[in-house]
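Given the structure is predicted, the values throughout are model-derived calculations rather than measurements. All values below come from the heavy atoms of this structure, side chains included, with hydrogens, waters and symmetry mates left out. In the text below, chain A, chain B and the rest are named by the order of the sequence lines, each starting its count at 1.
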2 protein chains.
Amino acid sequence: MTGRPRDPAVDDAIRQATLELVADQGYRGVSMEGIAARSGVSKQAVYRRYSSKGEVILDALAAYARTRLPNPDTGDLREDLLTLLEETFAAQRGVPGALNQALAAEALQDADFARRVTETLIRSRRAAVGEILDRARSRGEVTYPDNDILIDLVFGPMWYGLVFDATKLTDAYAAELATAVTTLATSPPN
Amino acid sequence: MTGRPRDPAVDDAIRQATLELVADQGYRGVSMEGIAARSGVSKQAVYRRYSSKGEVILDALAAYARTRLPNPDTGDLREDLLTLLEETFAAQRGVPGALNQALAAEALQDADFARRVTETLIRSRRAAVGEILDRARSRGEVTYPDNDILIDLVFGPMWYGLVFDATKLTDAYAAELATAVTTLATSPPN
DNA sequence: TCGCTACGGTCCGGTGCGTATTGGAATTAG
DNA sequence: CTAATTCCAATACGCACCGGACCGTAGCGA
């Protein structure tokens, strides 16, 4: 049986309320009851769609990520990395940053959720950097043998910053990081 | 007036209970009431000593860190980094790792606490790596101009791993990371 | 019409927070 | 010795949130 279809307006209201709450109160200000109250929706309407607070945030962030996934291709490794890092860090200074922080907080409390996040979001972000590296590699720019560690060096500092000091993620820092990773990736093999 | 002195056994019981709880239940399993119950101490005895759950965890971890702070000096940069990373990662696979995860979860929910953690723990850990780099620099091994970014590349991936997959922090990974950072630090200036 | 599912609203038991009170034990000042 | 002070365990409180259950109503398909 199909039954009554879900009201798309309810979906939108939940997403919107989640964004607003996490934006101006951070992870601590987000609760299932709070989301329901703010969106003018019953708690069950939320629980019918999401099994936990983490799922709500993950969905909101996934929707955000679908719209803009940076994948620069300028023909120069450092330029590609710089563009990607600047765009990514700029996002971390705004609402997506708060969402990522909430995501991390949730992941730290639930290993299964952490795995879900990895498979949903992290993987595609890493793939984007992997493509940049592969293109540079085919141009002969990259000599470093291991993509994975290079990707860790790109994203590691970002999460480090998100946890302890998000203001660290400036354009200047993006430039330093792009330079460092490029230098390593193109360093002559010994 | 001095009044009745605090019972040191109570301090120990609280610390011990905190370690046990975070070790086998993670951050989610840690609560002020749980700590009090497990340690056989009244809630007020806990609140008299710590203003929040984060403070309890921070103190437990600081006590842990005071005992063993790795500061290898083998005369070789990669060797020093490898030793430090292996020891550090090994700790992250155990109780201190769970404590660090709890710390991160708390920091993500409280910016002030994040700053406190930075000043208490992070700073000294970074300084340890800074000394390794400075020593190598004075030996002429290091050419890379900026210590800070190198230190970020050492610890960034660790926190990245702590958030999403602590099993990543193996000896093999420590070796890869030590190689990468050493390669970058000693890369010829362009 | 009947069966199903969604909706808002309301209530429930349970848990944790942070604070407060009570009655007693330990310590020091006078 | 006594009074003041601080600690202690135990217990209770109001508040917020969780996850779910139950209403009565609303929309949709068979």
Q: Please evaluate the base of dG8(C) for a donor-acceptor partner in the side chain of Ser42(A) within a cut-off of under 3.5 Å?
A: yes
Q: Quick check: do Tyr27(B) and Gln101(B) have side-chain heavy atoms less than 4.5 Å from each other?
A: no
Q: Looking at Asp110(B) and Lys53(B), is any side-chain nitrogen of the basic one under 4.0 Å from a carboxylate oxygen of the acidic one?
A: no
Q: For the pair made of CD in Gln109(B) and P in dC17(C), what is the distance, rounded to whole Å?
A: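 Computing the Gln109(B):CD to dC17(C):P distance gives 11 Å.
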Q: Give a yes/no answer on whether the side chain of Arg4(B) brings an N or O atom under 4.0 Å of OP1 or OP2 in dA25(C).
A: no
Q: Can you tell me if Arg49(A) touches the phosphate of dC7(C), counting only side-chain N or O atoms and a distance under 4.0 Å to OP1 or OP2?
A: yes
Q: Does a side-chain N or O of Arg48(B) approach OP1 or OP2 of dC8(D) to a distance below 4.0 Å, or not?
A: yes
Q: With the side chain of Lys53(A) defined as its heavy atoms from C-beta on, choose the nearest nucleotide among dC18(D), dG29(D), dA6(C).
A: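 From the listed options, dC18(D) comes nearest.
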Q: Assuming nearest nucleotide by heavy-atom distance, tell me which of Pro5(A) and Arg28(B) is located more 5' along DNA chain C.
A: Pro5(A)
Q: Look at the side chain of Met32(A) and decide which nucleotide, out of dC18(D), dG8(C), dC17(C), has an atom nearest to it.
A: dC18(D)
Q: Thinking salt bridges, do Asp165(B) and Arg115(A) make one under a 4.0 Å N-O criterion?
A: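 No, Asp165(B) and Arg115(A) are not salt-bridged.
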Q: Going by distance alone, is a donor N or O of one side chain under 3.5 Å from an acceptor N or O of the other, for Arg78(B) and Thr179(B)?
A: yes
Q: Rounded to the Å, how far apart are Tyr47(A) OH and dT5(C) C1'?
A: 20 Å
Q: Closer to the 5' end of DNA chain D via nearest nucleotide, is it Gly34(A) or Asp11(B)?
A: Asp11(B)
Q: I'd like to know if Arg6(B) and Asp11(B) make a salt bridge, using a cut-off of under 4.0 Å between side-chain N and carboxylate O.
A: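 No, this pair does not count.
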Q: Please state how far atom CD1 in Ile35(B) lies from atom C1' in dT15(C), giving the value in whole angstrom units.
A: 15 Å
Q: In whole Å, I'd like the distance from the CG atom of Asp110(B) to the C1' atom of dC17(C).
A: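 Roughly 15 Å, once rounded to whole Å.
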Q: Nearest to the side chain of Ser31(B) - dG19(D), dC17(C), dC8(D)?
A: dC17(C)
Q: Which one, dG19(D), dC7(C), dG18(C), comes nearest to the side chain of Glu33(A)?
A: dG19(D)
Q: Return yes if the base of dG9(C) and the side-chain atoms of Lys43(A) contain a donor-acceptor N/O pair under 3.5 Å, otherwise no.
A: no
Q: OH of Tyr50(A) versus P of dA6(C): gap in Å, rounded?
A: 14 Å
Q: Rounded to the Å, how far apart are Arg6(B) CZ and dT5(D) P?
A: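 Taking CZ of Arg6(B) and P of dT5(D), I get 18 Å after rounding.
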